[in-house]
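Report on the following structure.
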2 protein chains.
Amino acid sequence: MAGMMKAEWLALGDACPVRLLLDRIGDRWSVLVLTELDPGVRRFSELRRSIPDISQRMLTQTLRSLETDGFISRTVFPTVPPRVDYELTDLGRSLMVPLGGLIDWVKANDATVRGARRQPTTMPGEPASSRPTMAAAG
Amino acid sequence: MAGMMKAEWLALGDACPVRLLLDRIGDRWSVLVLTELDPGVRRFSELRRSIPDISQRMLTQTLRSLETDGFISRTVFPTVPPRVDYELTDLGRSLMVPLGGLIDWVKANDATVRGARRQPTTMPGEPASSRPTMAAAG
DNA sequence: CTGTATCCGCGAGGATACTG
DNA sequence: CAGTATCCTCGCGGATACAG
């Protein structure tokens with residue numbers, strides 16, 4: 001990437017690493033599941049209880065996706081009733097380092113983020129000139 | 001949050017900070033726009049050129065959302081033709097620290113992430129017992 | 001217990017045309 | 001230049017039923 005401006009690789013579409021990650025863990029449940037697996041191995045039913053509002057279908061689908069992408073491993077115990085363990089891979093644990101940093105930021109700034117919510121300078125149907133965040137013409 | 005287990009606040013739904021952030025910047029374009037604004041102030045048309053595959057509608061919508069959430073500021077110059085500057089707020093710059101860590105990880109592990117893609121242990125229609133990642137019964 | 005299969009609603013987001 | 005307004009598609013994800 002030597003000599004490559006940021007705007008350039010951002011413009012690469014599928015080749016953009018940021019988009020790549022967002023496509024993998026930017027969905028509704030992946031980060032939640034990864035966070036649940038951070039402390040250690042969990043089985044399917046434990047994950048269901050930990051994330052009550054996820055549907056069975058989406059939990060399975062999310063786990064398959066994370067497994068396909070190499071972030072978690074899946075271990076089947078051929079017992080009856082069946083048992084399946086899920087665990088972060090080395091890649092998954094590696095990801096949890098910066099991801100944990102982001103999560104920590106969110107927890108630390110939770111109140112601030114909620115409080116920061118305000119009216120945008122322009123509302124639909126309203127002329128932009130009727131609002132404050134204005135600068136003098138150059 | 002003293003004495004509160006992770007699984008508990010994860011289960012809080014709307015009260016979960018992780019979900020809160022994902023709802024705000026977990027969409028297709030927010031992180032890209034934030035990254036473009038990281039070096040400094042940018043105007044609307046510059047952002048469009050920097051992110052060619054974003055539609056005008058989505059750029060506007062993403063900018064409004066980020067502004068509403070307090071991550072960026074919007075400054076209108078009442079000139080003709082009009083000019084609008086976008087810039088990270090203190091909150092936005094604060095967010096870019098851990099977010100930058102994640103982006104750095106993605107860039108550093110780009111090849112690994114792409115290479116990690118493999119077959120899941122179970123494919124639809126295939127019995128789980130026909131695949132390797134198996135453990136001995138307890 | 002750990003899934004699969006099927007149906008379906010809803011909303012994110014693209015395309016296009018128009019405006020101050 | 002910097003948006004709005006409108007229409008429309010597509011697929012995420014919920015609900016439900018069934019299976020090994």
Side-chain angles (χ1 to χ4, degrees), chain A residues 13 19 22-30 32-33 42-65 67 72 74-86 120-131 133-135 137-138, chain B residues 13 19 22-33 41-65 67 72 74-86 120-131 133-135 137-138:
Chain A
R19 287 247 53 81
L22 252 19
D23 285 345
R24 279 161 169 62
I25 64 166
D27 66 287
R28 191 161 189 77
W29 301 112
S30 288
L32 246 35
V33 171
R42 293 277 181 278
R43 34 188 309 190
F44 188 85
S45 52
E46 292 177 326
L47 291 171
R48 283 210 73 181
R49 279 189 295 272
S50 297
I51 314 173
D53 48 346
I54 193 175
S55 66
Q56 192 175 35
R57 176 179 177 272
M58 289 316 297
L59 179 56
T60 301
Q61 186 170 308
T62 302
L63 288 166
R64 288 288 186 281
S65 170
E67 187 198 3
I72 70 175
R74 176 174 181 271
T75 308
V76 178
F77 295 85
T79 58
V80 41
R83 165 186 171 170
V84 181
D85 281 358
Y86 292 93
T121 56
T122 307
M123 291 294 284
E126 174 197 36
S129 52
S130 68
R131 280 209 153 253
T133 323
M134 202 74 68
Chain B
R19 288 248 53 83
L22 253 17
D23 286 344
R24 278 161 170 60
I25 65 166
D27 66 287
R28 191 162 189 77
W29 300 113
S30 289
V31 174
L32 246 35
V33 171
V41 59
R42 294 276 182 277
R43 38 189 306 189
F44 189 85
S45 53
E46 293 176 326
L47 290 171
R48 283 209 74 181
R49 280 190 294 273
S50 297
I51 315 175
D53 49 346
I54 195 175
S55 64
Q56 192 176 32
R57 178 177 175 274
M58 288 317 296
L59 180 55
T60 301
Q61 186 171 309
T62 302
L63 289 167
R64 288 289 187 281
S65 171
E67 186 198 3
I72 69 174
R74 176 172 181 272
T75 308
V76 178
F77 295 86
T79 58
V80 42
R83 165 186 170 170
V84 181
D85 281 358
Y86 293 93
T121 55
T122 308
M123 292 292 283
E126 174 199 35
S129 53
S130 69
R131 278 204 157 257
T133 322
M134 203 74 68

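Throughout, a chain's letter reflects where its sequence line sits, starting with A, and its residues are numbered from 1.
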Whole-Å distance, A:M58 CE to C:dC7 C1', equals 16 Å
Using side-chain heavy atoms (C-beta onward) and a distance below 4.5 Å, is A:L63 in contact with A:L47? yes
Picking from D:dG14, D:dA2, C:dT2, the nucleotide nearest the side-chain atoms of A:R28 would be D:dG14
Picking from C:dG13, D:dC1, D:dG3, the nucleotide nearest the side-chain atoms of B:P81 would be D:dC1
Judged by nearest nucleotide, the residue sitting upstream toward the 5' end of DNA chain C, A:V84 or A:R57, is A:V84
When rounded to whole Å, the CG to P distance for the pair B:L59 and C:dA15 reads 14 Å
task: Flag the pair B:R74 / B:F44 as yes when at least one side-chain heavy-atom distance between them is below 4.5 Å, and no otherwise.
output: no
Rounded to whole Å, CD1 of B:I51 lies from C1' of D:dA2 at a distance of 16 Å
Checking D:dG3, C:dC1, C:dG13 against the side chain of A:P82 (C-beta onward), the nearest is C:dC1
Rounded to whole Å, the OH-C1' distance (A:Y86 to C:dT2) equals 8 Å
Using modelled atom types and a 3.5 Å cut-off, is there a donor and acceptor pairing between side-chain atoms of B:S65 and backbone atoms of B:Q61?
no
Rounded to whole Å, the CZ-C1' distance (B:F77 to D:dA2) equals 14 Å
Separation of D:dG3 atom C1' from B:I54 atom CD1, nearest Å, is 14 Å
Rounded to whole Å, CH2 of B:W29 lies from C1' of C:dG13 at a distance of 9 Å
Testing C:dG13, C:dG3, D:dG3 for proximity to the side chain of B:T60, the answer is D:dG3
(message) Could you check whether any side-chain N or O of B:R19 sits under 3.5 Å from a backbone N or O of A:R28, counting only pairs where one atom can act as donor and the other as acceptor?
(response) yes
Shortest non-hydrogen pair, A:I25 vs A:S30, comes out as CA-CB, 3.6 Å
Of the candidates D:dG3, C:dT4, C:dG14, the side chain of A:Q56 sits closest to C:dT4
Of the candidates D:dC1, C:dC1, D:dT4, the side chain of B:R64 sits closest to D:dT4
Separation of D:dA2 atom C1' from B:F44 atom CZ, nearest Å, is 6 Å
Give a yes/no answer on whether the side chain of A:S45 brings an N or O atom under 4.0 Å of OP1 or OP2 in C:dT2. yes
